[in-house]
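Report on the following structure.
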Amino acid sequence: MIKVARIDYKVKSGVSILKNIDFSAEKGQLISILGPNGAGKSTLLSLLANEICQNKNDIELKSTPYPKWSSKELPKHKAKFSQQNNADIPLNVREIVMMGRYPYFDSNPSKRDEEAIQQHMQQTDVAQLQDRAYNSLSGGEKQRVHLARVLSQLENEIDEKVLFLDEPLNNLDVLHQHKILNLIKQFTQRGNTAIVVLHDLNLAAQFSDKILLLKKGEKVSYDIPEKVLTREIISSVYNFPCTVCVNPVNKNPLIIFGT
């Protein structure tokens, strides 16, 4: 689904943000990108999603390099949820979610477009807000509106789509954190792929098929949660002591920070 032989990225000042990262994600997988602040997680996600372009980085989506994709077709195969969105958008909730359907119509949305946004507003618990002004919403409500938008964007008959999400759980309460991760998991179980930047290691352990762990722009480990989330690796990467045990409920790694 997504494959890169190597990713290097420097900002204009010459500072290296990412160094020699090999990465591939297969269909049906939920991949979490973890790491401390400044590890390069969001930059990597933007490169993988083709929001940042560097010619020397050969990134393939579904075995096709990004430059060979048509701009009209690409949004039907991949979508990205960003952690930063314009805080002042003079539209109501329904209008923002409908933005996700722009690749499918020129002037007026079809019945299928309306069905798609209603479906995903229901799933993200914002259907009751659809006539509300976006600017009147709380931070968590705005997060869920944009999640409904990107999920609506990929509501089509195409096989093997990719969803990129940069810290989608910000501002969400516990209930909605689990609801959203379950929605993303269901998306991957239909043969799609999701690549998600997270901060909560225990949620990553619970929902991820694989974890990519970064530190200072370099790949530390990329494997199943049990092999990445060990006491030695986590304590070293985060520079803070931890204990890793087995979660008694789901048998995933359970990370407890502190001595």
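Positions are given from 1, in the same order as the sequence printed here.
Heavy atoms from other residues, nucleotides or ligands lying under 6.0 Å from CG of Asp173 number more than 12.
A donor-acceptor pair under 3.5 Å is formed between the side chain of Ser70 and the backbone N or O of Glu73. A side-chain donor-acceptor contact under 3.5 Å links Gln143 to the backbone of Asn170. Judged purely by atom type and a 3.5 angstrom limit, Gln130 uses its side chain to pair as donor or acceptor with the backbone of Ala127. Ser136 places a side-chain N or O within 3.5 Å of a backbone atom of Ala133 that can act as its donor or acceptor partner. In this structure, Tyr238 contributes its side chain and Gly35 its backbone to a donor-acceptor pair below 3.5 Å. In this structure a side-chain-to-backbone donor-acceptor pair under 3.5 Å is present from Gln177 to Leu172. Listed for the Asn192 side chain is a donor-acceptor partner under 3.5 Å among the backbone atoms of Lys161. At least one donor-acceptor pair under 3.5 Å links the side chain of Thr188 to the backbone N or O of Lys185. For Ser236 (side chain) and Glu232 (main-chain N/O), no donor-acceptor pair under 3.5 Å exists by modelled atom type. Side-chain atoms of Arg149 never come within 3.5 Å of backbone atoms of Ile96 as a donor-acceptor pair (strictly under, hydrogens ignored).
The distance from the OG1 atom of Thr193 to the NZ atom of Lys27 is 9.0 Å, given to the nearest 0.5 Å. Atom CD1 in Ile31 sits 12.0 Å away from atom CG in Leu45 (nearest 0.5 Å). To the nearest 0.5 Å, atoms CD1 (Ile59) and OH (Tyr66) are separated by 6.5 Å. Of the inter-residue distances, the one linking Leu147 atom CG with Leu183 atom CG reads 8.5 Å to the nearest 0.5 angstrom. One distance of note links OG of Ser152 with CD of Gln123; it measures 8.5 Å at 0.5 Å rounding. For the atom pair CD of Glu141 and OG1 of Thr124, the computed distance is 11.0 Å after rounding to the nearest 0.5 Å.
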Stepwise side chain to side chain contact (heavy atoms under 4.5 Å, CB included) test for Asn202 and Asn247: CA-CA 9 Å; Asn202 287 310; Asn247 188 311; over 6 Å; no
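A continuous path of ILVMFWY side-chain contacts below 4.5 Å connects Leu74 to Met1, so both sit in one hydrophobic cluster. A single hydrophobic cluster is seen to contain both Val15 and Leu214, as judged by linkage of ILVMFWY side chains at heavy-atom distances under 4.5 Å, directly or through other members. Criterion: ILVMFWY side-chain heavy atoms under 4.5 Å apart, direct or through other members. Under it, Leu181 and Leu254 are not part of a common hydrophobic cluster. Linking Ile, Leu, Val, Met, Phe, Trp and Tyr whenever their side-chain heavy atoms come within less than 4.5 Å puts Met99 and Phe105 in one cluster. The same ILVMFWY cluster, assembled from side-chain heavy atoms under 4.5 Å apart, contains both Trp69 and Ile52.
In this structure, Glu160 does not pair ionically with Lys62, as no charged nitrogen and carboxylate oxygen lie closer than 4.0 Å.
Side-chain contact check for Leu129 versus Met121: every heavy-atom pair is 4.5 Å or farther apart. Using a 4.5 Å cut-off on side-chain heavy atoms (C-beta onward), Phe23 and Ile7 make no contact.
The two residues Glu167 and Phe81 make their nearest non-hydrogen contact at O-CE2, 4.1 Å. Summarising the geometry of Val162 relative to Leu154, their closest heavy-atom pair is O-CD1, 3.6 Å, with the distance given to 0.1 Å.
Between Tyr134 and His146, the two ring planes are perpendicular [angle over 60°; tilted spans 30° to 60°]. Between Phe257 and Phe240, the two ring planes are tilted [angle within 30° to 60°].
Sorted by first then second residue, the side chain to side chain donor-acceptor pair (under 3.5 Å) pairs that include residues 90-107, not counting sequence neighbours, are Arg94-Glu114, Arg101-Asp113, Tyr104-Asn156.
Here the options are Leu163, Ile33, Asp166, Leu165, the test is side chain to side chain contact (heavy atoms under 4.5 Å, CB included), and the partner is Ile195; only Ile33 passes.
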